[in-house]
There are 2 protein chains.
Amino acid sequence: MQNITDELINKGIKPSFIRVSVLNYLRNTIAHPTIETIYNSLKTLIPTLSKTSVYNTVELLADFGLINVVTIDKNESRYDGDIKFHGHFKCEKCNNLYDFSLLDVNYSDLKNFIINTKDVYFSGICANCVKGGV
Amino acid sequence: MQNITDELINKGIKPSFIRVSVLNYLRNTIAHPTIETIYNSLKTLIPTLSKTSVYNTVELLADFGLINVVTIDKNESRYDGDIKFHGHFKCEKCNNLYDFSLLDVNYSDLKNFIINTKDVYFSGICANCVKGGV
DNA sequence: TGTCTTCTTTGTAATGATTACAAATTTATA
DNA sequence: TATAAATTTGTAATCATTACAAAGAAGACA
Ligand SMILES: [Mn+2]
Ligand SMILES: [Mn+2]
Ligand SMILES: [Zn+2]
Ligand SMILES: [Zn+2]
């Protein structure tokens with residue numbers, strides 16, 4: 001938890017309880033939760049929490065590069081506390097999001113372009129659903 | 001235009017005027033237009049056109065694999081008449097969408113997964129905006 | 001401590017793309 | 001032509017996200 005606080009301070013962000021809680025939550029889940037899920041998960045820890053604060057907080061954290069926004073879902077953003085470069089797979093059956101390693105993305109045609117973000121989104125059926133699901 | 005009609009027929013889709021027009025429009029632009037843009041562009045050709053029909057049509061075309069939906073834009077889908085595998089770059093300054101060649105995407109960790117779609121989205125500043133924009 | 005200022009958090013309303021759906025229109029079939 | 005089926009349209013509903021002003025908490029200073 002101290003490291004989370006330090007991460008915020010190092011970026012010049014005041015480590016309010018909400019900010020520390022949201023960042024800590026995202027750093028300790030692989031679920032790539034939605035706003036709704038983050039909100040519900042922290043509600044017991046922070047009973048006065050508002051959904052607007054969750055929106056505000058993830059926007060702030062994303063702006064400072066502390067988390068990533070995963071827009072693989074067309075109608076609901078998901079948030080990722082893992083900012084190492086990796087790909088995302090969405091299962092069309094169970095809707096779970098999986099991380100996978102990206103060794104390299106080999107491209108051309110972008111001479112003189114400045115590339116700031118690289119997102120790789122796959123979709124299909126996950127191994128668990130392939131062999132019968134739950 | 002005949003080839004567009006045939007494409008629809010080959011998929012078992014009745015080639016109504018709207019369907020042929022939308023598919024033909026998407027096959028002849030590199031702009032990756034939004035629903036709004038498609039609607040406005042075809043309004044002169046089809047004065048009675050409704051936005052709902054544009055939604056219905058692109059959904060149908062996408063379901064049959066005749067076009068691709070590009071969800072690089074968080075709040076508005078874009079549609080692509082080019083179904084060959086390629087990446088998309090979104091310029092944060094001019095908001096234009098650019099195609100680029102993807103030689104290969106080298107990944108691991110997806111053993112026993114069935115992969116149906118692969119999307120590669122980059123963002124940053126395009127070459128034109130880098131050297132001063134318009 | 002009390003006052004003033006600034007930052008954070010909250011609740012509510014507005015926005016806007018997408019979806020739902022039934023009526024109207026067109027097209028196919030007998 | 002009459003009937004059925006498919007397509008198209010207009011309007012209303014949905015719902016994630018954004019805007020915004022009020023409320024609350026924290027910091028500075030005397
Ligand atoms: Mn991830
Ligand atoms: Mn394209
Ligand atoms: Zn699955
Ligand atoms: Zn540009």
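Chain letters run A, B, ... following the sequence lines, proteins first and then strands; every chain starts at 1. Computed from a predicted model, the values in this text were never measured in an experiment.
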Taking [atom1] from [X] and [atom2] from [N], how many angstroms apart are they, rounded to a whole number?
| X | N | atom1 | atom2 | result |
| --- | --- | --- | --- | --- |
| A:N40 | D:dA16 | CG | C1' | 15 Å |
| A:I46 | D:dA25 | CD1 | P | 14 Å |
| B:I18 | D:dA6 | CD1 | C1' | 13 Å |
| A:Y39 | C:dT9 | OH | P | 15 Å |
| A:L42 | C:dT9 | CG | C1' | 15 Å |
| A:L49 | C:dT8 | CG | C1' | 13 Å |

Give one of base, sugar-phosphate or nothing for A:S53, where a contact means two heavy atoms less than 4.0 Å apart.
base
Mind checking A:T34 for me? I need base, sugar-phosphate or nothing, with any heavy atom below 4.0 Å counting as a touch.
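The residue A:T34 makes no contact with any strand.
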Restricting to non-hydrogen atoms, name the atom on A:A31 and the atom on A:R78 that form the minimum distance, rounded to 0.1 Å.
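That closest heavy-atom pairing would be O-NH1, 3.5 Å.
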Short side-chain N/O contact from B:S16 to OP1 or OP2 of D:dT8, under 4.0 Å:
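Result: yes.
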I want to check one thing: is the phosphate of C:dT9, taken as OP1 and OP2, less than 4.0 Å away from some side-chain N or O of A:T48?
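Indeed not, no polar side-chain atom of A:T48 lies that close.
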No-hydrogen, no-angle side-chain donor-acceptor test under 3.5 Å, A:Y55 and A:K51
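There is no such pair between these side chains.
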Return yes if a side-chain donor-acceptor contact under 3.5 Å exists between B:H88 and B:D80, otherwise no.
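Yes, side-chain donor-acceptor contact under 3.5 Å.
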Output all residues satisfying side chain to side chain contact (heavy atoms under 4.5 Å, CB included) with A:F85, sequence neighbours left out; order by chain, then residue number.
A:L102, A:V105, A:K118
Residue set satisfying side chain to side chain contact (heavy atoms under 4.5 Å, CB included) with B:K74, at least two apart, ordered chain then number -> A:T71, A:S77
Can you give one letter per nucleotide of nucleotides 15-30 of chain C, 5' to 3': B if a protein heavy atom sits under 4.0 Å from the base, S if only from the sugar-phosphate, - if neither?
--SBBBB------S--
Is it the case that over 12 heavy atoms from other parts of the model lie below 6.0 angstrom from the CG atom of A:N112?
no
